[in-house]
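Here the structure is laid out as structure tokens; the discussion comes afterwards.
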Number of protein chains: 2
Amino acid sequence: MRPDEAARLEEHGIKASAHRVAIASYVLHTDEHPSADDVWARVKQAFPMVSRATIYNTLNLFVEKGLLRHLVLTEGRLVFDSNVEKHHHFIDEGTGQIYDLPWDTLKVSRVKQIKGFDVRDYQVLLRGRKRGRKREKKSDSR
Amino acid sequence: MRPDEAARLEEHGIKASAHRVAIASYVLHTDEHPSADDVWARVKQAFPMVSRATIYNTLNLFVEKGLLRHLVLTEGRLVFDSNVEKHHHFIDEGTGQIYDLPWDTLKVSRVKQIKGFDVRDYQVLLRGRKRGRKREKKSDSR
DNA sequence: TCACAAAAGTAGATCTAGTCTAAAGTTGGA
DNA sequence: TCCAACTTTAGACTAGATCTACTTTTGTGA
Ligand SMILES: [Mn+2]
Ligand SMILES: [Mn+2]
Ligand SMILES: [Zn+2]
Ligand SMILES: [Zn+2]
């Protein structure tokens, strides 16, 4: 639990209520790419009085204020990403887990030369299997 | 309306009923990336007796048999793609339209060197605006 | 300290895409 | 012609997400 969580919210123009800090202290520091209901399940463990509507309201507010991104990468899973920097995604087709790949892991050439499209943003989306599978259920970086 | 549509289905191990041919003759020849309900709306114009369940059953069957791909690219839109070859996708953020980019329009380097992941498949996903906008609502290649 | 308006949070209703179920219709070979 | 397998169907059901109408909390300024 970071002492500066509330300050970070205020910096982004968000009034830092207790519920919002609770939600932030999980969702802004995980690389799990959780769904809204994943966030709810996690936050409820410590703050069982937080309602589902508040989870949705808060996550959408964080997206609007640029603290989170909304990803739709795989069937029926709308997912939140606390990594708002440019990066690529790898989806494990066995587990459904989503992994971040740093931007310079890959290089995409000729984007500028695409005719007829103004590209604002892009990423590479990869699917396959993660090898190894050590450190699997490593407890989350709260 | 192609005379060989039924043959194409049979080649893929699909018994060619009238409903299936009707659905195929739209969805296997469009580059619109339609949702299931888009397909239903279109097919109903000519074949109003076809039920929603049959649309879903048939589209899922086509995917299973390799005639179609299932894409999840953008919020709340599970979409079918009759282009089953490797290619990239550009999403117009204004209209929501999805455009195919041929595989060799772009080049992605270092995919093989990614450590710890077995990549089975990948594509580049681009967002922005399509320029020009001529030939906009061009009638579909049925 | 109190009044009170704005902001935050809430339960439950509603919406929607997609799946499932159980029954009816169709087909084609024996 | 018979019948089993296949196809199609209406509508029930599910789950994620949003909306609505209401209550609670917060903070300001008289
Ligand atoms: Mn989940
Ligand atoms: Mn649609
Ligand atoms: Zn990510
Ligand atoms: Zn495509």
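Note that the coordinates shown come from a computational prediction; the quantities given were computed from them, not determined experimentally. Note on naming: letters A, B, ... go to the chains in the order of the sequence lines (proteins, then strands), and numbering restarts at 1 for each one. What you see below is based on every heavy atom in this structure, not just the backbone, and it leaves out hydrogens, waters and symmetry mates.
Shown here are the side-chain contact (heavy atoms from CB on, under 4.5 Å) partners of A:K44, two or more places apart in sequence or in another chain: A:W40. By the side chain to side chain donor-acceptor pair (under 3.5 Å) test, B:R120 is found to be paired with A:E93, residues two or more places apart in sequence or in another chain being considered.
For the pair A:K130 and A:F90, the NZ or CZ position fails the cation-pi test of under 6.0 Å to the six-membered ring centre and within 45 degrees of the ring normal.
Residue order along DNA chain C, read from the 5' end via each residue's closest nucleotide, puts B:H70 first among B:H70 and B:K15.
Spacing between atom CG of B:L71 and atom P of C:dG18 amounts to 13 Å, rounded to whole angstrom units. Atom pair A:F47:CZ and C:dA8:P shows a separation of 18 Å (rounding to whole Å applied). One interatomic measurement links the two molecules: CE of A:M49 to C1' of D:dT24, which rounds to 14 Å at whole-angstrom precision. At whole-Å resolution of the value, CG in A:D38 and P in D:dA15 are 15 Å apart. Between the CD1 atom of B:I14 and the P atom of D:dT8 there is a distance of 11 Å, rounded to whole Å. One interatomic measurement links the two molecules: CG of B:L9 to P of D:dC6, which rounds to 17 Å at whole-angstrom precision. Rounded to whole angstrom, the span from the CD1 atom of B:I23 across to the P atom of D:dT7 amounts to 12 Å.
The side chain of B:H19 places no N or O atom within less than 4.0 Å of a non-bridging phosphate oxygen (OP1 or OP2) of C:dT26. Between D:dT9 and B:S51, a contact under 4.0 Å exists linking OP1 or OP2 to a side-chain N or O. Note on B:S17: every side-chain N or O is 4.0 Å or more away from OP1 and OP2 of D:dT7. Between A:R20 and C:dA7 there is no side-chain N or O to OP1 or OP2 distance below 4.0 Å.
Shown here is B:K107, whose NZ atom has no more than 12 heavy atoms of other residues, nucleotides or ligands within 6.0 Å.
Contacts between residues 55-65 of chain B and DNA chain C, defined by a heavy-atom separation below 4.0 Å, involve B:Y56, B:N60, listed by number.
The side chain of A:A53 sits closest to D:dC19 out of C:dG9, D:dC19, C:dG18.
Between the side chain of A:R52 and the base of D:dA17, at least one donor-acceptor pair of N or O atoms lies under 3.5 Å.
Of the N and O atoms on the side chains of A:N83 and A:H33, not one donor lies less than 3.5 Å from an acceptor on the other residue.
Under the 6.0 Å cut-off for aromatic ring centres, A:Y99 and A:H89 do not qualify, their centroids lying 6.0 Å or more apart.
One finds no salt bridge joining B:R129 and A:D118 here, because no Lys/Arg side-chain nitrogen approaches an Asp/Glu carboxylate oxygen to under 4.0 Å.
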